[in-house]
Number of protein chains: 2
Amino acid sequence: MAVTISDVAKLAGVNSSTVSRVINGKASITQETKERVYAAMKELDFHPNSLARSLASGLCGAIGVVVDARDAEAFSNFFFSRSLFAIEQVAQEKGYQVIIANGAQSKGRTIESLMKERKVDGLILPPTTVNPSLMEAIGDFPYVVLGTPDTLRGATCWVDNNNEQGSDLAVHHLQEQGYQHIAYLGGNQKRGFTIRRVRGYKKTITGEELIIPTDGTTENAYSTVLEILEKKDRPDAFVCNDNMAAFGLLKACKKLKIRIPSEVGIVAFDNYPLAEYTDPPLTIVDIDTGMLGDQAAQLLFRRIDKRCGNQQIMLSTNLIVRESSERLAK
Amino acid sequence: MAVTISDVAKLAGVNSSTVSRVINGKASITQETKERVYAAMKELDFHPNSLARSLASGLCGAIGVVVDARDAEAFSNFFFSRSLFAIEQVAQEKGYQVIIANGAQSKGRTIESLMKERKVDGLILPPTTVNPSLMEAIGDFPYVVLGTPDTLRGATCWVDNNNEQGSDLAVHHLQEQGYQHIAYLGGNQKRGFTIRRVRGYKKTITGEELIIPTDGTTENAYSTVLEILEKKDRPDAFVCNDNMAAFGLLKACKKLKIRIPSEVGIVAFDNYPLAEYTDPPLTIVDIDTGMLGDQAAQLLFRRIDKRCGNQQIMLSTNLIVRESSERLAK
DNA sequence: ATTAGTTGTGCAAGCGATTGCATGATATTG
DNA sequence: CAATATCATGCAATCGCTTGCACAACTAAT
């Protein structure tokens, strides 16, 4: 058996509750007693059993991050992994563990189990899981949605990048650079963030609207856009829903020997490491997923500590201007 | 307070130990009793407190995945995230949680805490953390290293892709395609897997050896290889340590108008989603990170169930032949 | 010197399950 | 039909820690 708190107590010549108090830095304990306890802990190589602690204290010291990943692709999505890194960092500072769980196959049962079986003190959820029945089950359990839910926007607690504003930034920039006919390329038009980006595009655009959906792959973007570029009245600029679409577009332009940025300008959402190294480098609406994760985790801990209720945090996006859209000399 | 096992027992008119046995499917319980208990559980919306369970049973129902990530980049590394996806899947089937922890800043303290504070029943570790003192601390606690440790290869438990064999595959293929002067491009020459890949390259190569280290970025690979390609006696083929190096190489060839695969052949390790869409598409030594995670998790659970001791599992790699190395007509 | 207020520590009752042992009720066997 | 084995269930200890309450010792105020 492992070393317990009473072993330490015995060795230090005190009661186990005193040891507990020393561990948790509670109440007033004589410096001398403290030192005796610490010495005993060190001598016995004592590590408190976190399960027993949690059971007694009612706090489990873990938060859950739920993903909605049908395949490895979605999971390795760098959006997710960067947020996760940030979340883990915040949790570590707080002395919390991070539990990840894929909720894709389970229709809310993953979330329920994490919560009701007392495995976590709080949850970070993907927007796709939000629905009225889940929210009812959650009750006042601390959670934060990472992204804007499609329903219950006002009644839930979430952190998101401002996708509308991102499109606005992109379109404005392209207009300033003198592009006239700006199209929106890519994205599953059913997903919330795409809808919001398209909405921002529509709101800001002055000329003719053109929305070109894709299935999310580079290949599909390539073939789809190829046709469009061959037309006479082709757009002279594109806002791309993601880097995949942009890569496809780059390839199509290369194929047709269309020069970038002089003939066609490109701005893309998301900042893949590779976006900097394409030819030419891509102008990007930077979605700072690290910050997103950080903010979500901070907010979650505030809720766990009962220091706030539902909140909606919208982070603004930044434009990183690179060659793909710089038609005007600086 | 939450619903407890004794509430259920009371409602079902049985003892709490009976309820416990029903939950755990233990011993022989009358069908009728079982049904009464199930009904009571449903009526009260009972969820067993996993903390109390773990404390009593001695099993925590979680495994830990330790990462060694200094920055978000390393963390979002798709190698890691794909493995993680697979690990989570295996764990979920077993009813286990997955705890992730970044051990980068803590010099083994993360691992020690996870293990000794009874937070997990087993650990999946990165090869970089392996050293004699850690192994001593671990003792016979179940763990699996994901990758080959640089030290203690024979005395630890790990799962890895066969990097040497991967290089062998690559070089052989290039030789078959008639390339004569094959160079090895990229990689931090201090990292274990790079060393093993280079070893495989050296072993299989017949002509002149040429090893070109890079700092891992596309940019560095580009500038480094540009110089080399301008020389007269440049290599006519490259084995790239990773996709980043290959992207840099592609860019350099394009710049110098060197045709691929007729003038220069390329094979690269790792299978980024993008590798299929480059121009030309890259021939790849496929590192199946999903399988790696799957095998590691399976092995870990075997160890947790005490069904095996240290084991070393080496998965062989596959070559995915695409245009970048196909000089001969098929 | 008496009273009141701190302070440091011990006692013991939880937290919510699991599980070995005991027991009474059935089933099996000669 | 007595004796034995098997089955279904209850009792109570246990897992290792936290924490409210009690209390003695000491300080400060009147």
Side-chain angles (χ1 to χ4, degrees), chain A residues 1-38 40-41 44-62 95 97 113-121, chain B residues 1-38 40-41 44-62 95 97 113-121:
Chain A
M1 269 305 109
V3 179
T4 74
I5 204 175
S6 12
D7 298 330
V8 175
K10 211 166 290 168
L11 182 62
V14 296
N15 186 275
S16 62
S17 44
T18 303
V19 177
S20 168
R21 290 188 183 111
V22 172
I23 295 172
N24 296 293
K26 285 217 179 145
S28 37
I29 306 272
T30 329
Q31 188 58 30
E32 193 213 319
T33 312
K34 261 189 210 165
E35 275 162 19
R36 276 221 313 287
V37 171
Y38 280 129
M41 297 203 312
L44 299 173
D45 188 30
F46 168 75
H47 293 262
N49 182 321
S50 68
L51 294 165
R53 275 184 125 178
S54 302
L55 179 59
S57 68
L59 283 174
C60 17
Q97 302 311 129
S113 130
L114 247 31
M115 186 173 66
K116 300 213 168 146
E117 294 174 13
R118 288 277 127 88
K119 286 176 175 159
V120 298
D121 292 328
Chain B
M1 269 301 113
V3 179
T4 74
I5 203 173
S6 13
D7 298 330
V8 175
K10 211 166 289 168
L11 181 63
V14 296
N15 187 274
S16 63
S17 44
T18 303
V19 177
S20 168
R21 289 185 184 112
V22 171
I23 295 173
N24 295 293
K26 286 214 179 148
S28 37
I29 306 272
T30 329
Q31 188 57 33
E32 193 214 317
T33 311
K34 260 189 211 166
E35 275 161 19
R36 276 221 313 288
V37 171
Y38 280 129
M41 296 200 317
L44 298 174
D45 189 31
F46 168 74
H47 293 260
N49 181 320
S50 68
L51 294 164
R53 276 183 122 179
S54 301
L55 179 59
S57 69
L59 284 172
C60 18
Q97 303 310 130
S113 128
L114 247 30
M115 185 172 69
K116 300 214 167 144
E117 296 174 11
R118 289 276 128 91
K119 287 179 176 157
V120 297
D121 291 327

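In what follows, every heavy atom counts, from backbone to side chain, and hydrogens, waters and symmetry copies are set aside.
Comparing F46(B) and N15(A) by the nucleotide of DNA chain C whose heavy atom lies nearest to each, the residue mapping closer to the 5' end is N15(A). Each of S50(A) and V14(B) lies near DNA chain D, and the nucleotide nearest V14(B) is the one positioned closer to the 5' end.
Sorted by first then second residue, the salt bridge (charged side-chain N to carboxylate O under 4.0 Å, His left out) pairs that include residues 2-17 of chain A, not counting sequence neighbours, number zero. Judged as a salt bridge (charged side-chain N to carboxylate O under 4.0 Å, His left out), the pairs with a partner in residues 44-60 of chain B (not counting sequence neighbours) are, in order, K116(A)-D45(B).
Between N24(A) and dT18(D), a side-chain N or O to OP1/OP2 separation shorter than 4.0 Å is present. Contact annotation: T30(B) side-chain N/O to dT9(D) OP1/OP2 distance is under 4.0 Å. A close approach under 4.0 Å does occur between a side-chain nitrogen or oxygen of K26(A) and OP1 or OP2 of dT19(D).
For T33(A), counting side-chain heavy atoms from C-beta on, the closest listed nucleotide (dC17(D), dT9(C), dT19(C)) is dT9(C). Of the candidates dT18(C), dG16(C), dT9(C), the closest approach to any side-chain atom of T18(A) belongs to dT9(C). For I29(B), the listed nucleotide lying nearest its side chain is dT9(D); candidates were dT9(D), dT19(C), dG14(C). In this structure, of dT18(C), dT9(C), dG16(D), it is dG16(D) that holds the atom nearest to the side chain of T4(A).
Applying the side-chain contact (heavy atoms from CB on, under 4.5 Å) criterion to A56(A), with sequence neighbours excluded, gives no partner residue. With sequence neighbours left out, T33(B) forms a side-chain hydrogen bond (donor to acceptor under 3.5 Å, both in side chains) with T30(B). Qualifying side-chain contact (heavy atoms from CB on, under 4.5 Å) partners for I5(B), counting only residues two or more places apart in sequence or in other chains: S16(B), V19(B), S20(B), I23(B), F46(B).
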N/O contacts under 3.5 Å, protein versus nucleotides 20-28 of chain C?
from, atom 1, to, atom 2, distance (Å)
dG20(C), O6, R21(B), NH2, 2.8

